[in-house]
Peer 1: 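Provided herewith is a single structure, encoded as structure tokens, for subsequent inquiry.
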There are 2 protein chains.
Amino acid sequence: MSTAEETTGGEVEPWEEVTPDAARRLLVAAVEAFAERGYHATTTRDIASRAGMSPAALYIHYKTKEELLHRISRIGHDKALDILRTAAGREGSAKERLADAVSSFVRWHAGRRTTARVVQYELDALGPEARAEIVALRRQVDAEVRGIVEDGVAAGEFDVADVQGTTLAVLSLCIDVARWFTVNGPRTPEQVGELYADLVLRMVGAR
Amino acid sequence: MSTAEETTGGEVEPWEEVTPDAARRLLVAAVEAFAERGYHATTTRDIASRAGMSPAALYIHYKTKEELLHRISRIGHDKALDILRTAAGREGSAKERLADAVSSFVRWHAGRRTTARVVQYELDALGPEARAEIVALRRQVDAEVRGIVEDGVAAGEFDVADVQGTTLAVLSLCIDVARWFTVNGPRTPEQVGELYADLVLRMVGAR
DNA sequence: AGCCGCTCTAAGCGGGCGCTCACCGTCAGC
DNA sequence: GCTGACGGTGAGCGCCCGCTTAGAGCGGCT
């Protein structure tokens with residue numbers, strides 16, 4: 001396959017795991033449409049035509065429009081969790097690991113903003129079972145960050161009164177990047193990642 | 001009128017300016033529905049029935065469903081801006097004013113979460129002209145917070161390398177409260193406001 | 001060649017959407 | 001007591017939604 005799978009910063013498109021090719025094209029089209037207009041404002045006809053197919057083609061690869069959202073949300077959360085786990089599992093001080101976690105998490109939310117928007121803001125459009133599955137992944141995301149903060153407090157590196165509240169605020173800050181970031185803005189994902197890592201280290205009173 | 005206009009913490013319902021009474025009931029119903037399910041997933045029949053009226057009644061008071069969202073967004077942004085202006089205009093050090101601005105802004109996003117959700121997350125559902133009007137209000141919101149941060153830097157109270165970026169992060173942190181806050185959670189709006197004011201003072205390196 | 005199985009399309013079904021229209025009850029002014 | 005203005009309803013129009021179905025095209029087996 002000679003089609004370029006590269007995008008911003010040489011990062012590989014994260015949908016390579018989706019096969020066959022037509023299913024992936026539909027999913028990528030759905031991510032773009034959902035991110036631009038929201039799940040409920042997007043029609044199956046819009047998704048299919050973005051993928052260069054007829055409306056009926058969607059239903060060969062996906063049972064419903066909701067299944068598309070579910071797959072996107074699942075893969076996106078897996079990726080986000082993977083990013084945090086990698087940073088949390090590294091060697092180094094809690095300060096280094098927290099800065100690494102925040103900067104890479106923010107880089108993902110900014111650089112892959114379309115995906116992140118869908119992942120973070122369309123949870124309510126999922127049915128109860130699918131939503132429960134995603135909520136469980138979010139709890140794991142929270143646990144990773146909280147773990148680093150707790151390590152820092154235990155090691156005397158951080159000064160944090162309310163560990164759970166501060167963890168929530170740190171994640172909240174990162175996630176909201178998907179709402180406001182735009183490629184036309186003055187900052188690159190890397191710059192936002194650096195700035196935010198610095199701000200978060202201040203929030204936890206890192207010394 | 002003897003019906004209770006009071007809600008959480010004795011705060012007055014902010015829709016008193018909307019008249020006549022039927023128009024206000026429709027608007028309040030729309031806020032609830034939009035916050036719960038999103039603008040596009042809400043039907044005009046749903047709004048009308050929440051207000052105890054027939055579907056056609058909505059169109060006596062509003063030209064379209066979008067006009068309802070526009071009115072809600074406009075009034076909500078006015079209120080948010082008012083809160084920030086009040087805090088910014090107070091006497092006191094930049095540190096005191098920033099803490100006041102953040103805690104009251106966060107209290108509003110948590111305490112009036114349904115309104116805040118609609119105001120912050122349904123901007124894209126507005127048409128171009130209405131959206132432009134709201135975007136202008138958001139720039140004023142940004143300017144208020146940036147003004148306090150600049151004052152603090154000028155007075156040597158704050159240590160901030162990137163004023164615009166830090167302002168953005170502060171607002172981002174506050175706004176995201178509307179996404180995650182729930183009345184069933186462990187924290188009151190007041191507690192979140194206090195915690196966030198403290199975190200923000202750390203972000204700006206207040207001394 | 002003949003057939004299967006997979007992918008995709010053209011056409012369209014049933015239903016719910018935003019919104020409209022003809023009409024009705026209530027009440028103030030005369 | 002009549003009338004007009006106002007705020008409301010019941011019925012429904014035209015449209016587009018998510019999704020289905022019958023069948024076409026085609027590559028790979030035997």
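All chains are named by letter (A, B, ...) in the order of the sequence lines, taking the proteins before the strands, and each is independently numbered beginning at 1. Here the structure is a predicted model, which means the values were calculated and not measured.
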Peer 1: Once salt bridge (charged side-chain N to carboxylate O under 4.0 Å, His left out) is applied, what residue pairs with a partner in residues 181-197 of chain B remain, sequence neighbours excluded?
Peer 2: Asp162(A)-Arg187(B)
Peer 1: Write down the atom of Val118(A), the atom of Val31(A), and the distance for their closest heavy-atom approach.
Peer 2: CG2-O, 3.6 Å
Peer 1: With the criterion being N/O to N/O and under 3.5 Å, what pairs connect the protein with nucleotides 19-22 of chain D, and how long is each?
Peer 2:
{"from": "dC19(D)", "atom 1": "OP2", "to": "Tyr59(A)", "atom 2": "OH", "distance (Å)": "2.9"}
{"from": "dC19(D)", "atom 1": "OP2", "to": "Lys65(A)", "atom 2": "N", "distance (Å)": "2.9"}

Peer 1: Would you be so kind as to tabulate the donor-acceptor pairs closer than 3.5 Å made by side chains of residues 167-176 of chain B, with sequence neighbours excluded?
Peer 2:
{"from": "Thr167(B)", "atom 1": "OG1", "to": "Val163(B)", "atom 2": "O", "distance (Å)": "2.8"}
{"from": "Ser172(B)", "atom 1": "OG", "to": "Asp176(A)", "atom 2": "OD2", "distance (Å)": "2.5"}
{"from": "Asp176(B)", "atom 1": "OD1", "to": "Arg179(B)", "atom 2": "NE", "distance (Å)": "2.7"}
{"from": "Asp176(B)", "atom 1": "OD2", "to": "Ser172(A)", "atom 2": "OG", "distance (Å)": "2.5"}
{"from": "Asp176(B)", "atom 1": "OD2", "to": "Arg179(B)", "atom 2": "NE", "distance (Å)": "3.3"}
{"from": "Asp176(B)", "atom 1": "OD2", "to": "Arg179(B)", "atom 2": "NH2", "distance (Å)": "2.8"}

Peer 1: Check nucleotides 5-8 of chain C for protein N or O atoms closer than 3.5 Å to its own N or O atoms and list the pairs.
Peer 2:
{"from": "dC8(C)", "atom 1": "OP2", "to": "His61(A)", "atom 2": "NE2", "distance (Å)": "2.8"}

Peer 1: Please name all residues satisfying side-chain contact (heavy atoms from CB on, under 4.5 Å) with Leu137(B), sequence neighbours left out, ordered by chain then number.
Peer 2: Arg74(B), His77(B), Asp78(B), Leu81(B), Ile134(B), Gln140(B)
Peer 1: Which of residues 125-132 of chain B sit near DNA chain D, with a heavy atom under 4.0 Å from it?
Peer 2: none
Peer 1: Nearest-Å distance, CD1 (Ile47(B)) to P (dG8(D))?
Peer 2: 16 Å
Peer 1: Calculate the interatomic distance between Tyr62(B) atom OH and dG7(D) atom P; express it in whole Å.
Peer 2: 13 Å
Peer 1: Let me know the distance between NE2 of His40(A) and P of dC17(C), rounded to the nearest Å.
Peer 2: 12 Å
Peer 1: Taking only residues two or more places apart in sequence or in another chain, which ones pass ring pair (Phe, Tyr, Trp, His ring centres under 6.0 Å) with Phe158(B)?
Peer 2: none
Peer 1: Test of understanding: with side-chain contact (heavy atoms from CB on, under 4.5 Å), list the residues that count as partners of His40(B), not counting sequence neighbours.
Peer 2: His40(A), Ala41(A), Ala125(B)
Peer 1: How would you list, by chain and number, every residue that makes a side chain to side chain donor-acceptor pair (under 3.5 Å) with Glu96(A), sequence neighbours excluded?
Peer 2: none
Peer 1: What pairs with Ala143(B) under side-chain contact (heavy atoms from CB on, under 4.5 Å), at least two apart in sequence or on another chain?
Peer 2: Arg146(B)
Peer 1: Enumerate the salt bridge (charged side-chain N to carboxylate O under 4.0 Å, His left out) contacts for residues 41-61 of chain A, please, sequence neighbours excluded, ordered by first and then second residue.
Peer 2: Glu32(A)-Arg50(A), Glu36(A)-Arg50(A), Arg37(A)-Asp46(A), Asp46(A)-Arg50(A)
Peer 1: Strictly by ring-ring contact (aromatic ring centres under 6.0 Å, His included), give each pair with a member in residues 129-153 of chain B just once, sequence neighbours left out.
Peer 2: none
